[in-house]
Amino acid sequence: MSRQHGSKSTRISRRAVLKSAAALGASAVGSGVIQGFPTVWAQNIKDVVLRHAGPTVTAIPRIAEQATKDLGFTVQMQASENADLLNRFLSQSSAIDCADVSVVYMRYLIGRDVLQAIPLAKVKDWDKTLPLFTKGEYADGRKAPQQGITPTMILYATGPDGQKVTKGESTDWVTGVPSVTNGDTLGIRPDLVGRPIPSWADLLHDDFKGKAALQDNPTIGIIDVAMAMEARGDIKYGNKGNMTKEEIDKTLKVMTDIKRSGHFRSFWSSFDQSVNLMASGEVVIQSMWSPAVAAVRSRGIPCTFQPLKEGYRGWGYTLGAMKHLDGLKRDCFYEYLNWYTGGFEGAFIARQGYYSAQPENARKFLTQAEWDYWYDGKPAATEIKNPFGKVMEQPGAVRDGGTIAQRLGNIAVWNSVMDEDRYLTRRWNEFITS
């Protein structure tokens, strides 16, 4: 059985504090003993509704249902994708309470007066957060490469307004608390590629002409090709996650020549597209997400999230507080934040192939067999199921990429918004339509 109630007593005690505060506020206001006491404290905690906006891979109703059950107030999930989600954060911020923000999108939000900083004093398990996020270090103390937008570039706020960040130096304020992470690589059809795939360079190899695909996202697509070009010796980038115009031009010239040769079968823009391309066999090597690989395998079709010697493209999400939160609702946000990083959510998304930024908390909510498979890279001792109970892997299966230390200890570059983002987007669109 999953240990999903290991911290129940802790949650009850914190919830009791909030309920007591609400009751005290109602009593004080009603009696007139404390003049000017905020009336927000007078409402019962059960009337609080927190609106959590995030991507479809994390803003999952089942997580909100469990939070509502455990915390005593209501959490609502609102899922959007990519540009739509970013637009909501920027233009509809008052309709959102909890911002489920990618490290990349933080670059757009910081300084726009839509988020407030979170005091570390309110974060219960900061010391359990991966040092890859908090210090820019791997678990063994090695410094991680600083290519792309790394978590430490956007994490530490200079003060409570959260409108500016440091250059990586830690402070007592953060723009958001790390929650979900992974290292992405290429998906392959091992039954159809016909040989070992050890390098990113294989994405561009003639062996796979007409059978390769890319994600139709300028930054991610060009970084994947940059990993391949650098691996085969075409170019040495200063920073693959923040290219100069010259590097962008050179990369897209090679990409255009390769495209015109018929190398790329498709440029996918949705999860389902990537799954169908691989499941049908139209594509045998492509940019891919971990749950998409799992979705192909759940159909009984071989698919591998292939470890590559040059390393992974890293990404992560943080949970931030919208600027308008205050009073009891802000205190409820802190409760939710600590619940969200406390284990249940981390275990839930682990069953999709993602990692919690607080792994030991997630471990409390996973069976030993699940932990061994998802985090320790060991053969599955039992059937491995997804978050909704569907069997994904049979006993004996081993997760691609090995242990969490092996995957997250080999991040070559992070997802990014480049300084030349507008130029890249224009050139990318020209490439796609060429």
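Worth knowing before you read on, the calculation uses all heavy atoms, side chains too, and leaves out hydrogens, waters and symmetry mates. Since this is a predicted model, take the numbers as computed values, not measurements.
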- prompt: Are any of the side-chain heavy atoms of D224 and W200 separated by less than 4.5 Å?
  reply: yes

Pair S199-E310, side-chain hydrogen bond (donor to acceptor under 3.5 Å, both in side chains): steps then yes or no: CA-CA 7 Å; S199 171; E310 295 86 9; 2.7 Å; yes

field: Backbone of T219 reached by a side-chain donor or acceptor of N217 within 3.5 Å
entry: yes

- prompt: Does a sphere of radius 6.0 Å around NZ in K323 hold more than 12 heavy atoms from other residues, nucleotides or ligands, not counting ones at 6.0 Å or beyond?
  reply: yes

query: Can you find a heavy atom in the side chain of T318 that is under 4.5 Å from one in the side chain of P151?
result: no

message: Tell me every residue that passes side chain to side chain donor-acceptor pair (under 3.5 Å) with D257, counting only those two or more places apart in sequence or in another chain.
response: K253

query: So, for W126 and F133, is the gap between ring centers shorter than 6.0 Å?
result: no

Flag, side chain of E137 to backbone of K143, donor-acceptor distance under 3.5 Å: no

message: What I'd like to find out is whether the side chain of R189 reaches to under 4.5 Å of the side chain of K211, using heavy atoms alone.
response: no

query: Of all residues at least two apart in sequence or in a different chain, which pass the side chain to side chain donor-acceptor pair (under 3.5 Å) check with T251?
result: Y237

task: Could I get the full list of ring pair (Phe, Tyr, Trp, His ring centres under 6.0 Å) partners for Y334, not counting sequence neighbours?
output: none

message: Is any side-chain heavy atom of P307 closer than 4.5 Å to one of Y312?
response: yes

task: Give the intermediate values and the outcome of salt bridge (Lys or Arg N to Asp or Glu O under 4.0 Å) for residues R195 and D202.
output: CA-CA 11 Å; R195 63 173 177 80; D202 287 306; 2.8 Å; yes

- prompt: Can you check whether A144's main-chain N or O pairs, donor with acceptor, with Q146's side chain at less than 3.5 Å?
  reply: yes

- prompt: Would you call K128 and T341 a side-chain contact if the rule is heavy atoms closer than 4.5 Å?
  reply: no

task: Report the C-alpha distance between S356 and E345 in whole Å, list the side-chain angles of each, state the deciding distance to 0.1 Å, and finish with yes or no for side-chain hydrogen bond (donor to acceptor under 3.5 Å, both in side chains).
output: CA-CA 8 Å; S356 168; E345 181 272 346; 5.3 Å; no

- prompt: Do R399 and R407 have side chains that get closer than 4.5 Å, going by heavy atoms?
  reply: yes

message: Would the distance check show the side chain of T181 and the main-chain N or O of W315 forming a donor-acceptor pair, the cut-off being under 3.5 Å?
response: yes

query: Hey, mind stepping through V174 and Y156 against side chain to side chain contact (heavy atoms under 4.5 Å, CB included) and telling me if it holds?
result: CA-CA 5 Å; V174 289; Y156 293 105; 4.0 Å; yes

message: Restricting to ring pair (Phe, Tyr, Trp, His ring centres under 6.0 Å), what partner residues turn up for W173, sequence neighbours left out?
response: none

query: Just one of L186, V413, T185 clears the side-chain contact (heavy atoms from CB on, under 4.5 Å) bar with R313, so which one?
result: V413

Test salt bridge (Lys or Arg N to Asp or Glu O under 4.0 Å) applied to D216 - qualifying residues, sequence neighbours left out: none

field: Residues that F333 engages under ring pair (Phe, Tyr, Trp, His ring centres under 6.0 Å), provided they are two or more places apart
entry: none

query: What ring-ring contact (aromatic ring centres under 6.0 Å, His included) pairs are there with at least one residue in residues 261-281, not counting sequence neighbours?
result: F264-F267, F267-F431, W268-W289

query: K209 side chain to S261 main-chain N or O, any donor-acceptor pair under 3.5 Å?
result: yes

- prompt: So, do R112 and S93 sit near enough that their side-chain heavy atoms are less than 4.5 Å apart?
  reply: no

message: Suppose we screen for ring pair (Phe, Tyr, Trp, His ring centres under 6.0 Å). Which residues come up paired with Y336, at least two apart in sequence or across chains?
response: H52, Y340

- prompt: Can I222 and M255 be said to form a side chain to side chain contact (heavy atoms under 4.5 Å, CB included), step by step?
  reply: CA-CA 9 Å; I222 201 169; M255 290 176 69; 4.2 Å; yes

query: Judged by atom type as modelled, is there a donor-acceptor pair below 3.5 Å linking the side chain of Q286 to the main-chain atoms of S274?
result: yes

- prompt: Residues in side chain to side chain donor-acceptor pair (under 3.5 Å) with Q163, at least two apart?
  reply: none

task: Verify, without hydrogens or angle tests, whether Q306 (side chain) and I197 (backbone) share a donor-acceptor contact under 3.5 angstrom.
output: yes

message: Are I258 and L204 packed together at the side-chain level, in the sense that at least one heavy-atom pair is separated by less than 4.5 angstrom?
response: yes

- request: Assess whether atom NZ of K259 is packed by more than 12 heavy atoms of other residues, nucleotides or ligands within 6.0 Å.
  value: yes

message: Test side-chain hydrogen bond (donor to acceptor under 3.5 Å, both in side chains) on Q406 and N410; report intermediate values, then the result.
response: CA-CA 6 Å; Q406 288 172 314; N410 191 20; over 6 Å; no

task: Evaluate the criterion side chain to side chain contact (heavy atoms under 4.5 Å, CB included) for residue pair E335 and I45; output intermediate values, then yes/no.
output: CA-CA 12 Å; E335 283 294 296; I45 189 174; over 6 Å; no

task: Please test L86 against L109 for side chain to side chain contact (heavy atoms under 4.5 Å, CB included), starting from the C-alpha separation and ending with a verdict.
output: CA-CA 8 Å; L86 178 59; L109 300 185; 3.9 Å; yes

message: Quick one: does any side-chain atom of S298 pair with a main-chain N or O of M392 as donor and acceptor, under 3.5 Å?
response: no

- prompt: Is the side chain of N276 donor-acceptor paired with the backbone N or O of D272 at a distance under 3.5 Å, no angle test?
  reply: yes

message: Can you pull out every salt bridge (Lys or Arg N to Asp or Glu O under 4.0 Å) where at least one residue sits in residues 379-397? Sequence neighbours excluded, please.
response: R297-E393

message: If we ignore hydrogens and angles and just use 3.5 Å, is the side chain of Q352 paired with the main-chain N or O of V57 as donor and acceptor?
response: yes

task: Report the residues that fulfil side chain to side chain donor-acceptor pair (under 3.5 Å) with D97, sequence neighbours left out, ordered by chain and then residue number.
output: R51, H324, K329

field: ring-ring contact (aromatic ring centres under 6.0 Å, His included) partners of residues 382-403, not counting sequence neighbours, each pair once
entry: F348-F388

